[in-house]
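Comments concern the structure below.
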Amino acid sequence: MKKPTAVRLRRRYVNAEHPLVVLKFEDGHEIRVEKGQGKEFDAYAGETIKIIAIYDPTSRERDVLASRKAERFDPA
């Protein structure tokens, strides 16, 4: 029996509200998105990505806004 291959998706996130948003992926890497900007990224189908807001960059405090599957982000 053949193993299923992971489906890679090209997605986009736009930060319109928060001073800084971090997209945190299951493998631990992060993408930072400043207010008014958008970023494109690759993710795998079924992967969960956390959307985290940072209001004060000098603080370690972070607010988790949402956890979203890769398929729910806009296509790039």
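We count residues from 1, following the sequence as given.
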Given side chains that start at C-beta, do those of [X] and [Y] come closer than 4.5 Å, heavy atoms only?
{"X": "R11", "Y": "P75", "value": "yes"}
{"X": "Y44", "Y": "D27", "value": "no"}
{"X": "Y55", "Y": "H18", "value": "yes"}
{"X": "V21", "Y": "Y13", "value": "yes"}

* Side chain K50, main chain S67, donor-acceptor under 3.5 Å -> no

* Are any side-chain N or O atoms of Q37 and backbone N or O atoms of N15, one a donor and one an acceptor, separated by less than 3.5 Å? -> no

Are [X] and [Y] linked, directly or through other ILVMFWY residues, by side chains that come within less than 4.5 angstrom of each other?
{"X": "L23", "Y": "V64", "value": "no"}
{"X": "I49", "Y": "V22", "value": "no"}
{"X": "F41", "Y": "L9", "value": "no"}

Enter the distance from [X]:[atom1] to [Y]:[atom2] here, rounded to the nearest 0.5 Å.
{"X": "R12", "Y": "E40", "atom1": "CZ", "atom2": "CD", "result": "5.5 Å"}
{"X": "I54", "Y": "L20", "atom1": "CD1", "atom2": "CG", "result": "4.5 Å"}
{"X": "D63", "Y": "I52", "atom1": "CG", "atom2": "CD1", "result": "9.5 Å"}

* Asked: Among all residues two or more places apart in sequence or in another chain, which pass the salt bridge (charged side-chain N to carboxylate O under 4.0 Å, His left out) test with R68?
  -> none

* **Set of residues satisfying side-chain contact (heavy atoms from CB on, under 4.5 Å) with respect to D74, sequence neighbours excluded** => none

* Asked: Is R10 atom CZ crowded by more than 12 heavy atoms from other residues, nucleotides or ligands, each under 6.0 Å away?
  -> yes

